[in-house]
Every structure is written in C-alpha cells, then in structure tokens.
Amino acid sequence: QTGTRIEETARLADLVEATIRRVIPADELDVILDNIGLPYSTINWMHGFSGVIGAADADILVSLKPNHRPTANYVRMLRQMLPAQFPGVDFYFLPADIITQIINFGLPAPIDIQLEGADVEGNRRVADTMLRELRQVGGLVDLHVQQRFDSPKFEIAIDRTKAGQAGYTARDVASSVLVALSGSFQTTPTFFLNWQNGVNYQITTQTPQYAIQSLDDIRNVPLSSANARTGGGTTIGTGRPGLVGDVTSLVRGTEMAVVSHYNIRRVVDIYGAIQDRDLGAVARDLQRVVDANRPLLPRGSFITVRGQVATMRTAYVGLIAGLGFAIVLAYLLIVVNFQSWLDPFIIITALPAALAGIVIFLFLTGTTLSVPALMGAIMSIGVATSNSILLVTFARERLAERADAATAAVEAGFTRFRPVLMTALAMIIGMVPMALGLGDGGEQNAPLGRAVIGGLLCATVATLFFVPAVFAVLHGRRERKSPEANA
C-alpha cells in the first residue's frame, strides 16, 4: 500500500526473496539484489528507471548463473505464485536485459498507455475504466496505474484569526512545521567552517524522528517568530511559546504519491507487459480498448500508446518498406546488368518461395514475427537472389550457344546445382547455432537465424527447380514468337 514504512517494505522484500529462492534452483541462482524505497535526500543519488516512487516500493533484481533454464519460465511461475502468497501487494516484472530497456526507451514496462491532460482526476477515472477492460485482454499482464492517488497525508489548516491574534503569520507556522519535520537547511542554510582543515560543514536543525510518533507530537511543535505577540500586545519573551495545535487543525487526507509530466502536460500512465502472446495481436486488442474509451476523456485530454507498441510499428513500417525497396532495387540493378526486363523477372521468381519459407519455418518453430526475423528475411532474400543470378547467367550462356530454352535451363540446373547448394548450406549451417538460441541472451537473435534458414530452404529448392522451369517457359515462348515475327 502507498505510504507503507520502509521497515515493512524491507520485511516483505525478504519474504518475496525467500519465495524466489524456492522457485529457482540454488544451482541456477546467482545473486538477488533488493533496492528498497528512494533516497530521502534533496539530491537524487540513485538513477532508477524501474518506476519506484517511494518507501512502499522495492526493486528486486535476480541474477542467474550461466546455462540456466529459460528465464521466461521462471517469470511465468512467479507471476502466478507471488500475488497468491502476498495479497494486497502489486507485482510487475521490469525489463532486465539491455536490449529490452533500449527498445522501451527508458520506460519500466513494454506497454505504456498515457493519458495526458490537465484534468488529472478525470483522466484517473478513465484509466480505472480502461484498466478493468484491459485485464480481459489475453496475453496482457502486469497491468497497473503508475501514479498512486492514495498516498496518506496530513493537511494542516491554519486558523488565520487565531494566528493573527497570537502574532503569527502563515509563514511562521509553515516554517516551524518544516524545520521540525524536514530540517532547517531548506529555509535557513547554516554552515560551520572548521578553521583547522578549512572545510565547510552543513548544520541542520531538526526534531528527531523518534520524538514525533503521533498527531499530538505534531500539534505540540512550538511556533517561533520574531514578531509574535500575545493578545494584550506585549512581545513574547520568557513566556511559553505558541504551539502548532493552538492555531491549526490537522485533517487526514490523500494525495498523489508522484506527479508525472510529459511535454509539460500532466499524465496518468497505465503500464503493462506481454506473456505467451505476440505483441502485434495484443496491440490490436489494446487499440480497440483505447479507441472505445477515447470519447470518455475530459476536454483537452489525449491518449497515447507508447513503449514497444509504438517502436514495433515504426520498426515494422521501416523494415517492410526496406524489404520491398530491396526487392525493387535488386530487380532494377539486375535489369541494368542484364540489359533485359525478362531475365531479372525470372530471377526474382524465387523470392516468393523465400518469403513463404520464412513464414512456414517461423510457424513451425513457434517464433513470432519480430525485428530480427525481418532482418533475417532481408538476408535470405539477398542470398536467394545471388543464387538465382548464378543459375540464370549460365542458362543465358547456354541459350546463346544452342538456342534451345529447355535444354539451357536443364543444363544450368545440373551445372549450378553444386555451387547453389554449397552457398545455401554454408549459410544455413552457420545460422543453426543462432537459431537454437544457445548461450546467454541467445533467444534474442534466434528469430534472425530461423528466418534465414527457412527462407533459404525454400528459396534453394525454387532456385534449382522452379527458376529453370520459368526460364524454359518464358524463353521458349519467345523463341516460338520470333520466327512468326520474322515472317
């Protein structure tokens, strides 16, 4: 709960750590590091991107030894066990690897639904409605609103009439409470110069924390003011000074535990993560929920989906455009080199087989389409194109000698069978370790290797059998038309 003391948070962190040790075998667990709360200094000594906002939060970093079992399996188990064992405590898993952190652009979650606008309470109501609907989306986990609105606070309301009669101003009351609770360095910085070593030391006056344990202790904080006067008009000198409780009233209330801004505007963030489902499918369902709740926003508020969803869409648009541009550019370059429009078309007829092989192999291996997979697709298209060029070039040479398209195509297939097969096999065998995802973090680049293998398997078959057939058909038709044209 928001406002939990750091001692209680540390106790919960120890219990959670014990549960983690029961789930992960000791021979695979290396180190568990707990970062609890935030520094209470006016200077933030810790750069944290994990989304912790106060003493009620803890960031637990679990480091595994080499050759451990897949991390995703442990995360899946802990997502089920921890909320059941610790009711009332929110758990969410942060991006631990540097690649995901970079893709998230510093966000503590892969998905960030951001509600921007000045009406924070109105945005909060819409966020709560969206949160209930988003929990029904399959594959969307770790959902929570980052900004907590239930942080406990005490509101000190000054009775200005009483304070004025006693000779105190609102500033006197505020300064007295601030010095007692937070120290005097923010209002009246004091320094002590040690003449022996020439070092300046900061001196802060503050009531010890153990001396303030109840509301009565706050009410009994003495008021200090150089202009304080009694009701009769005499200046307070040796008499008892006024107390905070004499001129104020304390009321319990709540407030936001953290105030976040994005491009100046106040924001409310809904964070979430993905499990057992691809990001694209989750993004489509998520977008439907966002579009349904967009009309409910207060005037002047906006909803923006940030995080990996925006990064994925930008990357996919760029890579798919690059893939299409690579095919078109390769075709045009071959047209220039061959001085023909027909032979480059025959060469690129192997590319649909490469794309089909990529899709089939990713489906058989249970791999979702991703940026590494698209990079592998571009690589396989390049190799497939070069193999087709090798075969068509030889077929053109034989066609010029014998003037028989079918024979030239068959001889090209037999003659270039070994070079094409060796080139493809060298690429496929080289990608096998990457496709298996071996080593620490190997699963990050596994889609690239699998896309290359699947694309080259089908592209090689198409290059050796389909491309010669297309060559024979198209050039044979041209040969039959040539005598008629000459006649």
Side-chain angles (χ1 to χ4, degrees), residues 1-8 37-46 53-56 118-121 147-195 199-261 264 266:
Q1 294 295 324
T2 310
T4 303
R5 292 182 63 87
I6 195 168
E7 298 88 347
E8 178 64 17
L38 290 174
Y40 284 94
S41 170
T42 55
I43 302 175
N44 187 4
W45 297 102
M46 180 181 70
I53 59 177
D119 190 352
V120 180
E121 288 296 331
Q147 288 74 21
R148 297 298 184 94
F149 290 80
D150 58 349
S151 179
K153 70 173 182 178
F154 295 115
E155 296 181 358
I156 302 179
I158 302 175
D159 189 333
R160 296 181 180 269
T161 302
K162 291 183 179 181
Q165 291 175 352
Y168 297 105
T169 63
R171 179 177 181 179
D172 297 333
V173 178
S175 299
S176 299
V177 175
L178 177 63
V179 170
L181 300 181
S182 299
S184 61
F185 189 79
Q186 297 180 8
T187 57
T188 55
T190 306
F191 300 91
F192 166 72
L193 175 61
N194 189 337
W195 294 97
V199 177
N200 280 321
Y201 296 93
Q202 301 175 1
I203 299 178
T204 302
T205 304
Q206 181 181 357
T207 302
Q209 292 186 5
Y210 60 80
I212 301 180
Q213 299 293 329
S214 64
L215 292 180
D216 288 337
D217 294 334
I218 298 178
R219 294 189 182 99
N220 292 330
V221 170
L223 294 174
S224 61
S225 174
N227 299 322
R229 297 180 180 275
T230 62
T234 52
T235 304
I236 294 178
T238 59
R240 184 178 69 86
L243 301 177
V244 171
D246 296 338
V247 297
T248 63
S249 60
L250 271 68
V251 180
R252 292 180 182 270
T254 58
E255 64 178 357
M256 292 184 64
V258 61
V259 177
S260 303
H261 294 81
I264 303 177
R266 293 275 295 273

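All figures in this text were calculated on a predicted structure; none of them were measured in a lab. Values below: all heavy atoms of this structure, side chains included; hydrogens, waters and symmetry mates excluded. Start at 1 with the first residue, then count along the sequence.
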Check: [Y] and [X] side chains under 4.5 Å, non-hydrogen atoms:
X: Val177; Y: Ser175; result: no
X: Trp195; Y: Leu193; result: yes
X: Arg266; Y: Val259; result: yes
X: Tyr201; Y: Asn194; result: yes

Under 3.5 Å side-chain donor-acceptor pair for Thr169 and Asp172: yes

Under 3.5 Å: donor-acceptor pair, side chain of Tyr168, backbone of Gly242: yes

Phe149 vs Glu255, side-chain contact (heavy atoms from CB on, under 4.5 Å): CA-CA, chis, key distance, verdict: CA-CA 5 Å; Phe149 290 80; Glu255 64 178 357; over 6 Å; no

Side chain to side chain contact (heavy atoms under 4.5 Å, CB included) against Ile212, all qualifying residues, sequence neighbours excluded: Leu181, Thr207, Asp217, Ile218

For Val221, all residues meeting side chain to side chain contact (heavy atoms under 4.5 Å, CB included), sequence neighbours excluded: Ala180, Val244

Over 12 foreign heavy atoms within 6.0 Å of CD, Glu121: yes

Gln206, CD atom: more than 12 neighbouring heavy atoms under 6.0 Å: yes

Option passing side chain to side chain contact (heavy atoms under 4.5 Å, CB included) with Thr2 (candidates Thr254, Ile53, Val258, Asp150): Asp150

Intermediate values then yes/no, side-chain contact (heavy atoms from CB on, under 4.5 Å), Lys162 and Asp246: CA-CA 8 Å; Lys162 291 183 179 181; Asp246 296 338; over 6 Å; no

Which pairs of donor and acceptor atoms, one on a side chain in residues 151-158, lie under 3.5 Å apart (sequence neighbours left out)?
{"unit_1": "Lys153", "atom_1": "NZ", "unit_2": "Glu155", "atom_2": "OE2", "d": "3.3"}

Residues that Arg148 engages under salt bridge (charged side-chain N to carboxylate O under 4.0 Å, His left out), provided they are two or more places apart: Asp90

Arg160: salt bridge (charged side-chain N to carboxylate O under 4.0 Å, His left out) partners, not counting sequence neighbours: none

Please report the shortest heavy-atom distance between [X] and [Y], naming the atom on each side.
X: Val120; Y: Met256; value: CG1-SD, 3.8 Å
X: Ser224; Y: Ser176; value: N-OG, 3.3 Å
X: Leu243; Y: Asn220; value: CD2-O, 3.5 Å

Listed partners of Tyr210 passing ring pair (Phe, Tyr, Trp, His ring centres under 6.0 Å), at least two apart: none

